[in-house]
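Only one structure is covered here, and it is reproduced in the block below.
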2 protein chains.
Amino acid sequence: MAPRKAVDQELSREAIIDVAHQLFVDQGFQAVSMRMIARELGYSHGAIYYHFKNKADLFYAMIEQDFAMINQELAQLDKLELSREEKLKELLLGFIRFGLTYPNHYEVMFIMNDKELQHYATNAPEQSYQQFAQAVAALTNQQIEIKKIWSVFLMLHGFVAHYCRIGHSFQEVEELAMSHVDMILGMIYMG
Amino acid sequence: MAPRKAVDQELSREAIIDVAHQLFVDQGFQAVSMRMIARELGYSHGAIYYHFKNKADLFYAMIEQDFAMINQELAQLDKLELSREEKLKELLLGFIRFGLTYPNHYEVMFIMNDKELQHYATNAPEQSYQQFAQAVAALTNQQIEIKKIWSVFLMLHGFVAHYCRIGHSFQEVEELAMSHVDMILGMIYMG
DNA sequence: CCCTTAATTAACCGTTGTTCAATTAAATCG
DNA sequence: CGATTTAATTGAACAACGGTTAATTAAGGG
């Protein structure tokens, strides 16, 4: 009935996640079907069920990767040879850069709004935010209120969310991003 | 085959929009079906098609109503008996209030990334933003750069988008909103 | 009594997530 | 090398649900 493909063309968890990612971001969880993913991959839909238990399972595996990535990027900031001010600026700009470099990831992590999945994808964002907040606090010598850090995050989020939506790259909006970040920094340092 | 209901119980466009409104808020465009709306109304799904051409038609009729709402709300600001500073504050806070009071419409206007529907809902947001930007410029005596107004908008957008996502009402986050707005105002006035 | 309006219901046709027997390629073993 | 086992893929089948349409029926006004 059905030929099995050669070993060098075997389907992998990663390949599925990659394709699923693009589709989920483009169209949302509900709108993307297992069949669509399979079609895009050039495989039958049944094949996906060999690698993932079900649709939700695939989805969770997908965003798990994403959060690991941003956490790692946040952690790497400490190692830079920069002043506190420069590090802070790099932190804020880096958040934007991450969001626009991996818009698919960012959208799934912080923008996408699906009732079914939100329950599962609520812990990881919180954890990433905590890491961000701690970095900001450290880089401002704990002089900044908790509430303010949260506002800063939302200000960055607004920038990223908007340009994610209209599909601009970081390069295209780099100048605007810098000016946005400068405004935020001004606000942080002026109390 | 099927009895028609009495006149005093006839289905109306408004009734449909009201129910659809609630459901769309709760679950989003894709997740809400015509059958669900009809079930909620206590009518058959076919009945809706007498009042609306199709699902998209219903959806647009629904948001059209409230598209005018934000513009009207922006316009009404002029008539308030307040100082410029107070008006500006009310403008920023009002934007957040609108977004969280009508999260589904806000989502369609500024967040949703549905290819099908975005085509229809791309002009109106731009128009609303222009009105917002002009109001800000006027209330700051044209002392603020264009770029800065845009950043201010994105800062508000970040707030609304996030709390839309996790489904909080304006009341629930009113204090946070005020503090967020105060930060933005501080930034505006400090250059 | 006819005609428009409004509602119901069945039906059409497509898609969905998921399961599963059948099938085949690769790997392993004798 | 040949036989057997294991892994991976297929495609059919299922039951549910989607939007939409058309035939049908009933209500009320002229």
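Worth saying up front: this structure is predicted, and the values here are computed from it rather than measured.
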Send over the distance from [X] [atom1] to [N] [atom2], rounded to a whole Å.
{"X": "B/L41", "N": "C/dA6", "atom1": "CG", "atom2": "P", "value": "15 Å"}
{"X": "A/F52", "N": "D/dT9", "atom1": "CZ", "atom2": "C1'", "value": "16 Å"}
{"X": "A/L11", "N": "D/dA7", "atom1": "CG", "atom2": "P", "value": "16 Å"}
{"X": "B/F59", "N": "D/dG18", "atom1": "CZ", "atom2": "P", "value": "17 Å"}
{"X": "B/E10", "N": "D/dG29", "atom1": "CD", "atom2": "P", "value": "10 Å"}
{"X": "B/I48", "N": "D/dT20", "atom1": "CD1", "atom2": "C1'", "value": "12 Å"}

Please work out whether the ring planes of [X] and [Y] are parallel, tilted or perpendicular, with thresholds of 30° and 60°.
{"X": "B/Y102", "Y": "B/H21", "answer": "perpendicular"}
{"X": "A/F153", "Y": "A/F110", "answer": "perpendicular"}
{"X": "A/W150", "Y": "B/Y163", "answer": "perpendicular"}

Counting heavy atoms from C-beta on, name the nucleotide in [options] closest to the side chain of [X].
{"X": "B/Y49", "options": "C/dT18, C/dA6, D/dT20", "result": "D/dT20"}
{"X": "B/A47", "options": "C/dT18, D/dT20, C/dA7", "result": "C/dA7"}
{"X": "B/S44", "options": "D/dT9, C/dT9, D/dG11", "result": "C/dT9"}

salt_bridge(A/K87, A/E81) N-O dist < 4.0 Å
no
Has A/H51 got a side-chain N or O lying under 4.0 Å from the OP1 or OP2 atom of D/dT9?
yes
The correct set of residues in residues 30-38 of chain A placing a heavy atom under 4.0 Å from DNA chain C is A/V32, A/S33, A/M34, A/R35
Residue of the set B/L156, B/V152, B/L139 for which side chain to side chain contact (heavy atoms under 4.5 Å, CB included) holds with B/L91:
B/L139
Using the closest heavy atom to pick a nucleotide of DNA chain D for each, name whichever of A/Y50 or B/R39 lands nearer the 5' end.
A/Y50
Checking B/H157 side chain against A/M155 main chain: does a donor-acceptor pair fall under 3.5 Å?
no
Output yes when a side-chain donor or acceptor of B/K55 lies under 3.5 Å from a complementary backbone atom of B/F29, and no otherwise.
yes
Polar side-chain contact B/H45-D/dT20 base: donor and acceptor under 3.5 Å:
yes
